[in-house]
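Since we're looking at a predicted model, the values are computed, not measured. Throughout, protein chains are lettered first and strands after them, A, B, ... in sequence-line order, and every chain is numbered starting at 1.
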There are 2 protein chains.
Amino acid sequence: MAQLNYRSDVSAPEAGGDKPALSMEGMCRDILARHEDTISVRNPSIAVLRLKRILVAALDLSNSGGFQAMSLRDLSEKSGMSTGGLYAYFDSKTTLLRMILAQVTHVVETVLTDPPEAVTDDPVAHLRWMVDAHLRLTEDLLPWFVFAFMEAKNFPPAERRLAIDSEALTEGLFADVIKTGIAQGQFRSETSELLPALIKPLLQDWYVKRAKYRRREISLEAYSGTVKDIILRYCVPNAGEL
Amino acid sequence: MAQLNYRSDVSAPEAGGDKPALSMEGMCRDILARHEDTISVRNPSIAVLRLKRILVAALDLSNSGGFQAMSLRDLSEKSGMSTGGLYAYFDSKTTLLRMILAQVTHVVETVLTDPPEAVTDDPVAHLRWMVDAHLRLTEDLLPWFVFAFMEAKNFPPAERRLAIDSEALTEGLFADVIKTGIAQGQFRSETSELLPALIKPLLQDWYVKRAKYRRREISLEAYSGTVKDIILRYCVPNAGEL
DNA sequence: CACGTAAACGAACGAACGTTCGATAGGCGG
DNA sequence: CCGCCTATCGAACGTTCGTTCGTTTACGTG
């Protein structure tokens, strides 16, 4: 959707600016390292610079109109490179898709499987942290998530599988915490096994309908608070005292 | 007559078979009536028959690969008509899209704004009914909903607006019931104003991730029950006794 | 049976797509 | 200053797309 407002100016304030690994530069360095074989440009400082321009443009174009609708001529114009020149950075349009997809799933896994120690002993705190961490992550990497999970349906089979597996992994992390909570008695034993599956869409709505929430001036904290309330009031007994 | 035989065993998922208005035939009759001017075939019995074949094929092709990726040659082959012949039923590919979109939004509005009398006095019962009605509707018209709301982001601006407005209307219906419930004291006054917005993704996950729930052998009743539990435990005080 | 109209056909068109590849520019070592 | 390698360019190719339109078929009516 056009309201995404992800500025195509490369010198723009970067996403996840305070966390280097989540900055556009850090993400591009990761991608470059993971695709050394398909990227023919050997000078890393040049390659990262160009990759940044290409990916910013690709995310922007894809997120307003879809990945399939983005032509390499559009991408060429917006990134300031020739259509032929783009092929120094990927060997097919599908590879470009795979680059973005692999990077975002890698970041999700890295962040969500590394909770602070203070939280791992208490399922309630752990659950709260996961909701916060997931929402913060999607906020920092908004265009990446929109691309990876809103476009996923139109991807080629192999790439779609990647997206589905990534979602399944996240759901599994929630399922583990909830199972632990039930075993330790903090959560109701009647808690539906569907809960982990239903947490996901609650988290996804924040970036899927980002424009709507921005229009209504809903803050990330307000959204996050309501989601945590809904979840905990469901699975914690006597949740009125939360 | 060279081309294919017009088999009557159309592998049409006879959606909503018991409710004539929701059957594939009923939907097609509605669409024909609403597009008399752009459909050049004047014999209604022929037109409904062909429309049925075209729409079944269009929904099937779109829902596996996306609407943009569906070529009119694919559609021609699958529907058993020539590419040129298709243009007797729509004047452009976008019009075909609009036909489907308008029909599904019309049905949603018709069904959800007509609750049984027994339910309108009790916000809790009304909310339960709306969840059930919405889920049953999406189940009956699964391919239509998948098309209308999963493809929506790739639609042209005017058509995307249609889809967004339809979602906003549904959200508004939930908001009304919740507001009434708060005013009458059945719902907690602290109930977040975000709740109506967050109910939607809970309902949509049923058809968006339909394959996942089918694989796990989750019944519509189990899903519906969990969703209603989550919602009511959140907004009803002392919900433990539900 | 012949005729006229409704309906469907399918070859053809121009545009746009992803991709290729020979030409070209720029900087660095000798 | 020359020669080489890296990085980029942009015209061109073969496909495929949505759409058009002259032609053919099917069928009710006289």
Side-chain angles (χ1 to χ4, degrees), chain A residues 28 32 35-54 57-58 61-62 65-99 151 154-156 159, chain B residues 1-7 28 32 35-54 57-58 61-62 65-100 151 154-156 159:
Chain A
C28 288
L32 177 59
H35 291 85
E36 269 189 36
D37 45 340
T38 66
I39 295 178
S40 74
V41 177
R42 301 255 59 88
N43 184 330
S45 62
I46 292 183
V48 170
L49 212 68
R50 297 286 188 278
L51 252 189
K52 217 160 75 177
R53 297 191 63 87
I54 292 172
L61 286 169
S62 287
F67 180 76
Q68 308 217 44
M70 174 191 76
S71 76
L72 294 188
R73 284 164 182 80
D74 295 338
L75 182 58
S76 143
E77 189 181 356
K78 189 144 199 159
S79 66
M81 294 191 59
S82 63
T83 56
L86 292 175
Y87 277 77
Y89 295 89
F90 49 80
D91 53 19
S92 78
K93 200 185 173 191
T94 300
T95 298
L96 172 62
L97 186 163
R98 195 161 29 233
M99 283 179 175
E151 300 290 341
N154 300 339
F155 291 165
E159 283 67 31
Chain B
M1 154 81 64
Q3 190 63 346
L4 290 175
N5 50 334
Y6 293 131
R7 304 173 312 171
C28 290
L32 177 60
H35 292 84
E36 267 190 36
D37 45 340
T38 65
I39 296 178
S40 74
V41 178
R42 300 254 59 89
N43 183 331
S45 62
I46 292 182
V48 169
L49 212 69
R50 298 287 189 278
L51 251 189
K52 215 160 78 177
R53 297 190 61 88
I54 293 172
L61 286 169
S62 288
F67 180 75
Q68 308 217 42
M70 173 192 75
S71 75
L72 293 188
R73 284 164 183 80
D74 295 338
L75 183 58
S76 143
E77 190 180 355
K78 188 144 198 159
S79 66
M81 294 190 62
S82 63
T83 56
L86 291 174
Y87 277 77
Y89 295 89
F90 48 81
D91 53 20
S92 79
K93 202 185 172 191
T94 300
T95 298
L96 172 62
L97 186 163
R98 196 161 27 232
M99 282 178 175
I100 301 176
E151 299 290 343
N154 300 338
F155 291 164
E159 283 68 30

Please tell me which of the listed nucleotides, C/dC9, D/dA7, D/dT8, lies nearest to the side chain of A/Arg42?
-> D/dA7

Apply the test side chain to side chain contact (heavy atoms under 4.5 Å, CB included) to residues B/Val41 and B/Arg50: give CA-CA distance (whole Å), side-chain angles for both, the deciding distance (0.1 Å), then the verdict.
-> CA-CA 10 Å; B/Val41 178; B/Arg50 298 287 189 278; over 6 Å; no

Between D/dT25 atom C1' and B/Asn43 atom CG, what is the distance in whole Å?
-> 16 Å

In whole angstrom, give the distance that lies between atom CD1 of B/Ile46 and atom C1' of D/dT25.
-> 13 Å

Just how far, in rounded Å, is P of C/dA25 from CE of A/Met81?
-> 17 Å

Test item: B/Leu49 and B/Ile46 side chains (from C-beta on) under 4.5 Å apart, heavy atoms = no

Rounded distance (Å) that lies between atom P of C/dC9 and atom CG of B/Leu75 | 12 Å

A/Asp74 CG to C/dA16 P: how many Å, rounded?
-> 11 Å

What string of B, S and - do you get for nucleotides 18-24 of chain D 5' to 3' if you count protein non-hydrogen atoms under 4.0 Å?
-> BBB----

Does the side chain of B/Ser82 get closer than 4.0 angstrom to OP1 or OP2 of C/dG10 through an N or O atom?
-> no

Can you find a pair of side-chain heavy atoms, one from B/Met99 and one from B/Ile54, that are under 4.5 Å apart?
-> no

Flag side-chain contact, heavy atom, 4.5 Å: B/Leu51 against B/Ile39 = yes

Whole angstrom is fine here: how far is it from CG in B/Leu32 over to P in C/dA7?
-> 11 Å

Nucleotide D/dT8, atom P - distance to CG of A/Leu51 in whole Å = 11 Å

What is the distance from CD1 of A/Ile54 to P of D/dA7, rounded to the nearest Å?
-> 13 Å

Less than 4.5 Å apart, any side-chain heavy atom of A/Asn154 and any of A/Phe67?
-> no

For residues A/Arg98 and A/Thr38, determine if any side-chain heavy atom of one lies less than 4.5 Å from a side-chain heavy atom of the other.
-> no

